[in-house]
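Since the structure comes first, as structure tokens, the remarks are kept for the end.
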Amino acid sequence: MLSIKNLHASVEGKEILKGINLEIKAGEVHAIMGPNGSGKSTLSQVLAGNDAFEVTEGEVTLNGDNLLDLETEERAREGIFLAFQYPVEIPGVSNLQFLRTAVNAMRKHKGQDEMNAAEFMKLAKEVSKQVDLDPAFLKRGVNEGFSGGEKKRNEIMQALLLQPKLAILDETDSGLDIDALKVVSDGVNALRSEDRAILMVTHYQRLLNHIVPDYVHVLAGGKIIKSGGRELALELEEKGYGWLGIKDDDTSN
Amino acid sequence: MKSVPMLSSAFLHPAGESLPEPLLALRKERASALVDMPLPTRKTENWKYSSKYLKLADDMAISLPAEGKTGNSLAVPGYKVVFINGVMIPEASEYPDLDGIEILSFNDLANDEAEALPAKLGSTLNHDQVQFARLNGARFEDGLLIRLKPDAVLDQPLFIIHETSADASGSAYPRIYVEAGANSQLTLVEEYTSSGEASALVSTVTEFNLADGANVTSIRLNMEGENVQHIGATGVLQQRSSRFESHCVGFGGPLRRHDLQVRLEGEGAETKLNGVVVTQGKQHYDNHTSIDHVAAHCNSEETYRNIAADQSHAVFNGRIHIHQDAQKSNADMNNKNLLLSNGAEIDTKPELEIYADDVKCAHGATIGQLDETSVFYLVSRGIGRRQANVLLTMAFINELVQQIPVEAVRETAQARLSDFFEQTFQEA
């Protein structure tokens, strides 16, 4: 589904990704682990199309089509979804209005009828229950005054509404207490399906206890330096990133 | 030394004579005081950013005739008074006879009724700051006197539609005087619209005199066309425990100026001023507000937002003056501005003068652009870039639009804002 070949990317002239190669097939769950500053978030942002990052070399295809040629919104409509590490607060735009606009943009792209306010409200209420968000949140500004955990649940709610082909979860576990982690993981597991791929980006392996990946990759210095199965994450937890010769001040968890 | 431009004497010629005698006399007196009135230049502090937009030609001195279509009069969910070019049109107006509430055209006043007016007209304004209110005083052809007896409550909003109909060049001088008796209550909507293409000047004065405990909501919707230069002044005097709330929504034009002056003269008076301005193309809009805390224990809260697109220019000047005896004053002024293009200009200036020592006074002003992170967040969900821009721009003013307490006005404002977005954010 997603094919990344020799991807190089920089921000403000500084090269962050230095040749990433990764193949993700439909139905698979991949985890990318790595210390701070290894390029994990940059990879997520580049895939989603943040033009603050410049791709200097390499190619990325989604089901054979060149992803890098597409605008951010076109990538989203083709099925790329990024759950943000730091979801943005947008006072003045209600969560409901935002979600409905997004869902309808997607439906329009697929040639489906747009949902009216009442239909969408019904759907949104159901999905908000699934991630344990009070429907009252729908009326508030996008992420406005949400706690860290509420913001992350709102991200997963969006994924459930938009039903992407590839969901990229950027540090989705950060800032979550154990209950919230469980809710978020249940939401992500509900997304797992044969025709969908999930790419999790995380510093810690804690999330992987709840969402069990098929493959684990270690990213360091802008490159994937080791790939393996589930057991690689456990080994990393036990031995720390130092085990792979990576310097990291913050691997104890 | 370069000579200072003066108001052309053409503007001082006598106008129509249908007003009652005391008002004709007042007008004449005010006109004689205007001889050699200097026009504002960029050296005039309160017109610094706006004088270049003022373009008065002699042919605009002529009073526009009180005739013309009343336009596509929107379905007004309340009482309605229609003015064309500053003169009331009774057949287009609809308001019932109400107990305790008088709504009278100046032209219909008997001489003895009109005798009390000259002392009142202009009494709420500091004319040094609103030079053009004087011109209105010298030129008004008619006006509206609204008197609420103590405890009178107007059960629905009163809409005053001021239409400028300019098939030939000229000017109009709408005038409103509201006397709200003790504990009376009123919501007044002033809607300024226009038809015709000839260049016109509209100089307005609206005054509110609130007795103890009166509660007045004023909504001002400025939607005149590209041929109209608008200079308006609103004066508010508030006595003890009265409450005034203002919602101004303005769309730019070749020259748009509104001065809003509030004097809190009685203890415990409260005022809340909200304003939204959007400008595009080469449009201009200038809001000058001034709040005088004269008495102690008064509250004022002011929130203005400007959005400027293309090469347009918006100005906000907010003055708060806390007088020596106004202890325990609470004043909060906030002005946020959004620039939608590199060619647009916004000037904002808070002016605080505080002479009392036990007060709370906060002010804040910001100028920014659409937040790229927010745009990225929205488009990463499949929302088109244009729509994301519209959502975020609307979000900037939504809070204020939602606070407008009359639904029909909110809808009119929203519809006009949609047009603004349509033109500002082109489809990619």
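Proteins get letters first, then strands, A, B, ... in listed order; numbering begins at 1 in each.
Residues B/Gly382 and A/Ala76 come closest through the heavy atom pair N-CB, 3.3 Å. When every heavy atom of B/Ala395 is checked against every heavy atom of A/Gly92, the shortest pair comes out as CB-C, 3.6 Å.
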Once you leave out hydrogens and angles, what donor-acceptor pairs under 3.5 Å do chain B and chain A share?
residue	atom	partner	partner atom	Å
B/Tyr377	OH	A/Asn143	ND2	3.2
B/Tyr377	OH	A/Glu155	OE2	2.3
B/Tyr377	OH	A/Gln158	NE2	3.2
B/Arg381	NE	A/Gln158	OE1	2.5
B/Arg381	NH1	A/Leu82	O	2.7
B/Arg381	NH2	A/Leu82	O	2.9
B/Arg381	NH2	A/Glu155	OE1	2.7
B/Arg381	NH2	A/Gln158	OE1	3.3
B/Gly382	O	A/Arg77	NE	2.9
B/Gly382	O	A/Arg77	NH2	3.0
B/Asn398	ND2	A/Gly92	O	3.2

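In this structure, chain B has no heavy atom under 4.5 Å from any part of A/Pro164. Proximity to chain B is absent for every atom of A/Ala159, based on heavy atoms less than 4.5 angstrom apart.
A/Val88 places none of its side-chain heavy atoms less than 4.5 Å from the side chain of B/Phe376.
Contact count versus chain B (heavy atoms, under 4.5 Å) is highest, among A/Ile90, A/Val103, A/Val93, for A/Ile90.
For B/Tyr53, the side chain to side chain donor-acceptor pair (under 3.5 Å) criterion is met by B/His313, not counting sequence neighbours.
In this structure, CG on B/Leu391 lies 9.5 Å from CZ on A/Phe98, to the nearest 0.5 angstrom.
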